**Q** 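What follows is a structure written as structure tokens; I'll ask about it next.
As the structure is a computational prediction, the values presented were derived from the model and not from experiment.
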Amino acid sequence: MSLINKYFKNSSNTILALQDHSAEIDKICEMILDISKNNQKILVAGNGGSCSDAEHFTGELQCTYKSSNRKPISAISIGSLPAAITAWSNDFGFLTYFKRQVSAHGNPNDILFLITTGGGTEHNGASMNLVEAAKEAKEKKMKIVTLSGKTGGILKDLSDVNIIVKSDVTSHIQESHIAILHCICEILENKIN
């Protein structure tokens, strides 16, 4: 089997296994529908490629997935403010940047939606900024949704809903996250007027 065939086969199998998370995807959609009806918002965050996924998802929610007639959903990608990121990181460090954004924008019953391939690990510090944000969200009585992979990391225990993609391959986890996000948008498109 060529490397190309092997890559796409492994990616496809990882995405196909997401069917096992139908209940979690339905729950996430119910949560988003609730905040939409109550004029609340979603704060979305991730690092690196997951930051791009957060921006992509936010754009789909604010604007449109398919129908221009669908009501917009209030969503903010909290990693999309270069002046704020560089100011806070320069003065206080990046570890607490997302926590600061949750403190500024989050309200009770809003959703903090975190996208991360590992879920936060203390031994190497990966995505601990998202863990700090989740702790702040808990303090503010927000709901927490996490898309992760690998072991699910620390965030699996801090989240109200967590989908762990069954893979240790970062690219396959990220591809699966986009599939989940598009599936959520597909469902919302059919339920929001």
**Q** Taking only Lys NZ, Arg NE, NH1 and NH2, and the carboxylate oxygens of Asp or Glu, determine whether K66 and E189 approach each other closer than 4.0 Å.
**A**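 Looking at K66 and E189, the cut-off is not met.
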**Q** Is it true that the side chains of N38 and N109 contain a donor and an acceptor less than 3.5 Å apart?
**A**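 Absent: no donor and acceptor within the cut-off.
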**Q** Looking at side-chain heavy atoms only, is the closest gap between V44 and I115 below 4.5 Å?
**A**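 Yes, their side chains come closer than 4.5 Å.
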**Q** Any side-chain heavy atom of V145 within less than 4.5 Å of one from L112?
**A**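 Contact flag for V145/L112 side chains = no.
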**Q** Just by distance, do the side chain of D110 and the backbone of N107 share a donor-acceptor pair under 3.5 Å?
**A**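 Pair found, side chain donor or acceptor close to backbone of N107.
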**Q** Is the closest side-chain heavy-atom distance between Y97 and I78 below 4.5 Å?
**A**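 When only atoms from C-beta onward are counted, I78 and Y97 do not touch, as no gap falls below 4.5 Å.
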**Q** In Å, rounded to the nearest 0.5 Å, how long is the span from OG of S74 to CD of Q62?
**A**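 Taking OG in S74 and CD in Q62, the distance rounds to 7.5 Å.
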**Q** Could you tell me whether R100 and E136 make a salt bridge, using a distance below 4.0 angstrom between a side-chain N and a carboxylate O?
**A**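 Between E136 and R100 there is no salt bridge, as every charged N stays at least 4.0 Å from the carboxylate O atoms.
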**Q** Would you please say whether a donor-acceptor pair under 3.5 Å links the side chains of Q174 and H177?
**A**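 Looking only at side-chain atoms, H177 and Q174 do not form any donor-acceptor pair under 3.5 Å.
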**Q** Is the shortest heavy-atom distance from the side chain of I154 to the side chain of M128 under 4.5 Å?
**A**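 Contact flag for I154/M128 side chains = yes.
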**Q** Are the side chain of E24 and the backbone N or O of I163 linked by a donor-acceptor pair below 3.5 Å?
**A**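 It does not hold such a pair.
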**Q** Check step by step if side chain to side chain contact (heavy atoms under 4.5 Å, CB included) holds for M142 and V102.
**A** CA-CA 9 Å; M142 295 172 67; V102 170; 3.7 Å; yes
**Q** Would you confirm whether S159, through its side chain, and N162, through its main-chain N or O, come within 3.5 Å as a donor-acceptor pair?
**A**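 Answer holds: no.
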**Q** Answer yes when K143 and D160 have at least one side-chain N-carboxylate O distance shorter than 4.0 Å, and no when they do not.
**A**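 Salt bridge absent between K143 and D160.
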**Q** For a quick check under 3.5 Å, do S77 and E55 share a side-chain donor-acceptor pair by atom type?
**A**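 Checked: S77/E55 side chains show no N/O donor-acceptor pair below 3.5 Å.
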**Q** Would you say L33 and I192 make side-chain contact, with heavy atoms under 4.5 Å?
**A**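 Sidechains of I192 and L33: in contact.
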**Q** Please check if the side chain of S103 supplies one atom and the backbone of K99 the other of a donor-acceptor pair under 3.5 Å.
**A**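 Checking the backbone N and O of K99 against the side chain of S103, no donor-acceptor pair under 3.5 Å is found.
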**Q** Do the side-chain N and O atoms of H56 and E60 include a donor-acceptor pair separated by under 3.5 angstrom?
**A**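 Yes, E60 and H56 have a side-chain donor paired with an acceptor closer than 3.5 Å.
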**Q** Is there side-chain contact between N47 and F94, with at least one heavy-atom pair below 4.5 Å?
**A**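 When only atoms from C-beta onward are counted, F94 and N47 do touch, with a gap below 4.5 Å.
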**Q** We want to know whether Y7 and S171 form a side-chain donor-acceptor pair, criterion being a heavy-atom distance below 3.5 angstrom.
**A**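 There is such a pair between these side chains.
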**Q** Do T121 and N124 have side-chain N/O donor and acceptor atoms under 3.5 Å apart?
**A**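 There is such a pair between these side chains.
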**Q** Just by distance, do the side chain of T146 and the backbone of S148 share a donor-acceptor pair under 3.5 Å?
**A**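 Side chain of T146 to backbone of S148: no pair is present.
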